[in-house]
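The structure appears below as structure tokens.
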Amino acid sequence: MGRMVMVVGLVALFLGWVLYRALVKRDLKEHRGTLTLGLMFLGIWGGLYWLLWA
């Protein structure tokens, strides 16, 4: 149960960061590298989860 809470919390933090940068600061294009890295991490993590435990 703790792992699921941790996953949901980290994804919520990442989405919050993206929304903050896109809507409040309006400088998401300057942080494109961080956005790409975060999305790659989520994609690889999701792929591994699906392959190993689903």
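Computed from a prediction, not measured in an experiment: that's the story for all the values here. All residue numbers in this chain count up from 1 along the given sequence. Computed over heavy atoms, backbone and side chain alike; hydrogens, waters and symmetry mates excluded.
By the side chain to side chain contact (heavy atoms under 4.5 Å, CB included) test, Tyr20 pairs with Val24, Lys25, sequence neighbours left out. Not counting sequence neighbours, the partners of Tyr49 by the ring pair (Phe, Tyr, Trp, His ring centres under 6.0 Å) test are Trp45.
Think of Ile44 as one node in a network of Ile, Leu, Val, Met, Phe, Trp and Tyr side chains linked at under 4.5 Å; its network also takes in Leu48.
Put simply, Leu19 and Leu42 are part of two different groups of oily side chains (I, L, V, M, F, W, Y) that touch within less than 4.5 Å, one to the next.
Note that CG of Leu15 and CG of Leu10 are 11.0 Å apart. Values are rounded to the nearest 0.5 Å. Here Arg21 contributes atom CZ and Thr34 contributes atom OG1; the two are 8.5 Å apart, rounded to the nearest 0.5 Å. In this structure, the separation between CG on Leu39 and CZ on Phe14 is 4.5 Å, given to the nearest 0.5 Å.
Sorted pairs that involve residues 28-51 and meet salt bridge (charged side-chain N to carboxylate O under 4.0 Å, His left out), not counting sequence neighbours, are lacking altogether. Within the structure, salt bridge (charged side-chain N to carboxylate O under 4.0 Å, His left out) pairs that include any residue of residues 36-48 do not occur (at least two apart or interchain). Residue pairs that meet the salt bridge (charged side-chain N to carboxylate O under 4.0 Å, His left out) test with at least one member in residues 40-54, sequence neighbours left out, do not exist here.
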